[in-house]
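Here, residue 1 is the first one in the sequence, and each next residue gets the next number. These numbers come from the heavy atoms of this one structure, side chains and all, not from hydrogens, waters or symmetry mates.
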Amino acid sequence: MSPARRPQPVPPGPGQESVWDYPRPPALVRSERLVEVRLSDDGPLLATTRRAWRVLETSHPPTWYVPREDVADGVLALSDAPATTCEWKGRATYWDVAEPGGRGEPRRAAAWSYEDPTTRFRDLAGAIAFTPSQVVATVDGERVRPQEGGFYGGWVTDDVVGPFKGGPGTWGW
């Protein structure tokens with residue numbers, strides 16, 4: 001089996017970033033953009049912040065992290081999903097996510113955090129990343145689309161161009 005060929009990056013337009021210009025190892029970048037998270041279009045806010053972190057890594061749409069104090073009380077419950085390890089950030093802890101007040105069925109492992117991240121990512125300690133395939137997330141009012149493939153938690157918005165790693169045939173990039 002031959003390795004997958006690196007695809008040709010899409011040239012970014014005005015106001016866009018190419019994920020192929022992101023670094024490896026990844027960078028941690030603060031954002032003042034408005035990030036909001038709900039379980040459904042008309043559901044209550046689970047999280048809202050203008051203090052999010054973005055993790056930027058070559059070939060991946062950004063993964064957004066919300067400071068724990070900007071997540072509503074009662075939204076997170078420690079998940080029984082097994083921990084995973086990121087070569088850059090360390091051991092991930094998974095969280096089940098429910099509406100405040102326990103309304104509705106929780107979404108299993110719909111968020112994760114790095115409670116004790118590596119030195120390079122220590123600013124992420126306790127911040128929450130929501131899986132965009134399991135929540136309704138927006139950035140400055142634009143609805144986030146999940147990164148294809150289900151393994152990575154990247155947030156696809158119109159200001160980020162790929163192609164993105166994660167879908168079929170992209171493992172060897």
Side-chain angles (χ1 to χ4, degrees), residues 1-7 9 17-31 33 35 37 39 46-47 49 51-98 105-137 139 144-157 160-173:
M1 185 192 258
S2 63
R5 283 181 36 192
R6 179 180 162 174
E17 302 173 341
S18 171
V19 298
W20 293 94
D21 292 332
Y22 292 166
R24 187 164 173 90
L28 182 60
V29 178
R30 183 66 96 172
S31 176
R33 296 177 71 187
V35 173
V37 180
L39 281 184
L46 306 180
T49 193
R51 305 179 311 128
W53 289 101
R54 296 189 314 150
V55 173
L56 308 178
E57 181 177 356
T58 305
S59 77
H60 298 274
T63 302
W64 291 72
Y65 290 79
V66 175
R68 179 90 42 101
E69 54 273 11
D70 293 345
V71 177
D73 290 338
V75 165
L76 302 172
L78 191 59
S79 181
D80 64 359
T84 59
T85 301
C86 170
E87 67 182 307
W88 308 114
K89 296 178 288 298
R91 186 174 190 263
T93 299
Y94 288 87
W95 301 91
D96 297 339
V97 177
E105 198 63 31
R107 307 260 169 93
R108 184 175 185 270
W112 73 92
S113 63
Y114 293 93
E115 297 301 299
D116 186 25
T118 61
T119 302
R120 178 186 201 120
F121 288 92
R122 71 179 165 269
D123 289 336
L124 278 185
I128 303 297
F130 291 91
T131 305
S133 63
Q134 295 198 54
V135 299
V136 175
V139 176
V144 170
R145 300 171 307 275
Q147 180 176 4
E148 191 178 359
F151 180 75
Y152 304 104
W155 291 24
V156 179
T157 53
V160 180
V161 297
F164 308 118
K165 186 173 183 173
T170 65
W171 191 254
W173 291 359

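Residues forming a salt bridge (charged side-chain N to carboxylate O under 4.0 Å, His left out) with Arg54 (at least two apart in sequence, or on another chain): Glu17. Every residue two or more places apart in sequence or in another chain was checked for a ring pair (Phe, Tyr, Trp, His ring centres under 6.0 Å) with Phe121, and none qualifies.
Inter-residue side-chain proximity for Val37 and Val75 is flagged as unmet; no heavy-atom pair is nearer than 4.5 Å. Pro168 has its side chain within reach of Glu148: a pair of non-hydrogen atoms, C-beta onward, lies under 4.5 Å apart. Using a 4.5 Å heavy-atom cutoff, the side chains of Trp64 and Val144 are not in contact. By the 4.5 Å heavy-atom criterion applied to side chains, Val161 and Trp20 are not counted as neighbours.
When all heavy atoms of Arg33 and Ser31 are compared, the closest pair comes out as N-OG, 3.1 Å. Closest heavy-atom contact between Ile128 and Ala111: CG2-CB, 3.7 Å. In terms of heavy-atom proximity, Gly154 sits nearest to Pro132 at O-CG, 3.4 Å. In terms of heavy-atom proximity, Ala129 sits nearest to Thr63 at CB-CG2, 4.2 Å. Ser79 and Asp96 get closest at one heavy-atom pair: OG-OD1, 2.8 Å. Val19 and Pro163 make their closest contact through CG2-O, 3.7 Å (heavy atoms, listed as atom of the first residue, atom of the second, distance).
By the 6.0 Å and 45° rule, Arg30 stacks over the aromatic ring of Trp53.
Here the side chain of Thr58 pairs a donor or acceptor atom with the backbone of Tyr22 at under 3.5 angstrom. Between the side chain of Trp173 and the backbone N or O of Gly166 there is no donor-acceptor pair closer than 3.5 Å.
Residue pairs meeting the salt bridge (charged side-chain N to carboxylate O under 4.0 Å, His left out) criterion with at least one partner in residues 64-81, sequence neighbours excluded, are Arg51-Glu69, Arg51-Asp70, Arg68-Glu115, Asp80-Arg108.
Taken to the nearest 0.5 Å, the CZ atom of Phe130 stands 11.0 Å off from the CH2 atom of Trp95. Gln147 CD to Thr170 OG1: the interatomic distance, rounded to the nearest 0.5 Å, is 8.0 Å. Atoms OH and CG, from Tyr65 and Asp123 in turn, are 13.0 Å apart once rounded to the nearest 0.5 Å. Annotation: the span from Trp88 atom CH2 to Tyr114 atom OH amounts to 12.5 Å, rounded to 0.5 Å.
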Would you sort out whether Val97 and Gln134 count as a side-chain contact (heavy atoms from CB on, under 4.5 Å), showing the intermediate values? CA-CA 9 Å; Val97 177; Gln134 295 198 54; over 6 Å; no
Under the side-chain contact (heavy atoms from CB on, under 4.5 Å) rule, what do Trp112 and Thr131 come out as? Steps first, then yes or no, please. CA-CA 8 Å; Trp112 73 92; Thr131 305; 3.5 Å; yes
